[in-house]
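Encoded as structure tokens, the structure appears first; notes follow it.
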Amino acid sequence: MKKITWMLIVVTLIGLAVAPFALASTGNQDVIDEKNGKPKVVLGEALSDSDKDKVRSLLNATDPEQVEEYVVTAEDLVNFIGGDPSSNMYSSAKITRKDEGYGVVVNVVNPENITEVTNQMYANALLTAGVENALIEVASPKKVSGHSALTGIYKAFNVDGESLDKDRMEVANEELDVATDLAKEAGIDQEKVSELLSEIKRAISEQNPATKEDVERIVSEQLEQLNIELSPEDREMLTNLFDKMRNLNIDFGQVTDQLETIVSDIRGTLDDITADSEGFWQEVKTFFQNILDSIRGLFK
């Protein structure tokens, strides 16, 4: 009987120790920012009513008085980026405008359901599109690639008299396609793809290439520096993408600090994953070792 009692105590202690790792914090919705306006929530057209409610909960946007809500449609996809009118729109986003100097911060709320696009990929594409000073949260109630969220974000920046440049939106969408293609087809790590795109943009801002050949040289230099091997077709795809940006006269010099932040976040994420993994498992090992030592002590 004594042995069973002590085993129950041990199980309880294990449950108490593991519980903090399983709990996710939930906070109240933000107070409305009267200067920058209410956050805008854009829901995918293909979502059911129950899916929409789940997304509202994921985005902490359940109070209709505290947000402005829109639905992004396949027609929006056509209007903003010349996309396929038969597309189903699932990915959704919440856009909170911030003060000058905030930059573009992207948080994929449930990354297990956004399978192809990372925070940094979104941020890179949005900088290309001309988005500034915003916190953007992306969510989906089911597994999707994540591409349609970009159109929803565009929609949020094309209301209330605002407008983003259509050509920049289109090339930004192409950039997202290139990023996900390189990750899927060329087998390059997603973070590495984002680092490559950011570094090419920084080099373009510094060198101001005048010709496509100059862009091709910059692409080759960055591939070599990051030790990335690409097929001739993928190299041409990258060169064509950034040559389009050059022709649009996108000034990446204005967002150099933001590009530096993206690269730093990528490198920090990789370092944190390694450190956290090692630290977590060491703590788990120590915890259970202490429990086993205590159990052994009971029966001495």
Side-chain angles (χ1 to χ4, degrees), residues 18-33 36-81 83-98 104-123 125-126 129 131 134-160 172-173 176-177 179-180 183-184 190 265 269:
V18 172
F21 295 103
L23 293 176
S25 63
T26 57
N28 295 325
Q29 292 187 0
D30 294 336
V31 174
I32 294 173
D33 184 342
N36 293 308
K38 296 179 182 180
K40 294 179 174 65
V41 173
V42 188
L43 302 172
E45 179 184 32
L47 298 178
S48 65
D49 289 341
S50 61
D51 285 338
K52 289 177 181 177
D53 286 339
K54 184 174 182 180
V55 168
R56 292 185 185 104
S57 179
L58 286 168
L59 295 175
N60 194 22
T62 55
D63 186 348
E65 297 298 319
Q66 293 199 0
V67 297
E68 296 177 11
E69 190 173 288
Y70 304 87
V71 173
V72 60
T73 67
E75 183 179 353
D76 293 321
L77 187 69
V78 174
N79 291 337
F80 292 132
I81 59 173
D84 183 352
S86 64
S87 297
N88 290 322
M89 312 295 283
Y90 289 101
S91 307
S92 304
K94 176 182 175 183
I95 297 89
T96 305
R97 301 299 297 269
K98 297 293 185 178
V104 175
V105 177
V106 180
N107 176 33
V108 177
V109 177
N110 57 336
E112 68 278 5
N113 277 1
I114 306 293
T115 62
E116 294 183 10
V117 188
T118 65
N119 294 339
Q120 291 84 6
M121 287 180 184
Y122 279 125
L126 291 170
V131 171
L135 168 62
I136 295 165
E137 298 161 278
V138 179
S140 173
K142 55 189 67 182
K143 289 188 180 298
V144 295
S145 66
H147 287 75
S148 66
L150 201 60
T151 303
I153 297 165
Y154 290 162
K155 183 163 186 173
F157 279 88
N158 281 273
V159 296
D160 299 334
N173 191 70
L176 196 64
D177 288 341
T180 54
K184 283 196 309 179
Q190 289 177 318
D265 286 347
T269 297

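Throughout, residue positions are numbered sequentially from 1 according to the sequence presented.
A distance of 8.5 Å separates OG1 in T115 from CD in Q190, rounded to the nearest 0.5 Å. One finds the OG1 atom of T118 at 11.0 Å from the CG atom of D265 (value rounded to the nearest 0.5 Å). Summarising the geometry, atom OG1 belonging to T151 is positioned 4.5 Å from atom CG belonging to L77; distances are rounded to the nearest 0.5 Å.
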request  = Let me see the working for V144 and I114 under side chain to side chain contact (heavy atoms under 4.5 Å, CB included), right down to the final yes or no.
outcome  = CA-CA 5 Å; V144 295; I114 306 293; 3.9 Å; yes
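Closest non-hydrogen pair, A134 versus I95, comes out as CB-CG2, 4.4 Å. For G152 against V42, the heavy-atom pair with the smallest separation is O-CG2, 3.4 Å. Scanning all heavy atoms of the two residues, the minimum distance from V55 to P141 falls at CG2-CD, 3.4 Å.
Between Y122 and I136, every side-chain heavy-atom pair lies at or beyond the 4.5 Å cut-off. Taking 4.5 Å as the limit, every side-chain heavy atom of M89 sits out of range of all side-chain heavy atoms of V71. The closest side-chain heavy-atom distance from N173 to F80 is not below 4.5 Å. Residues L126 and L150 form a side-chain contact, since some pair of their non-hydrogen atoms from C-beta on lies under 4.5 Å apart.
Checked against side chain to side chain donor-acceptor pair (under 3.5 Å), K184 has the following partners two or more places apart in sequence or in another chain: E116. For D177, the salt bridge (Lys or Arg N to Asp or Glu O under 4.0 Å) criterion is met by no residue, not counting sequence neighbours.
Using a cutoff of 4.0 Å between basic side-chain nitrogens and carboxylate oxygens, D51 and K54 are not scored as salt-bridged.
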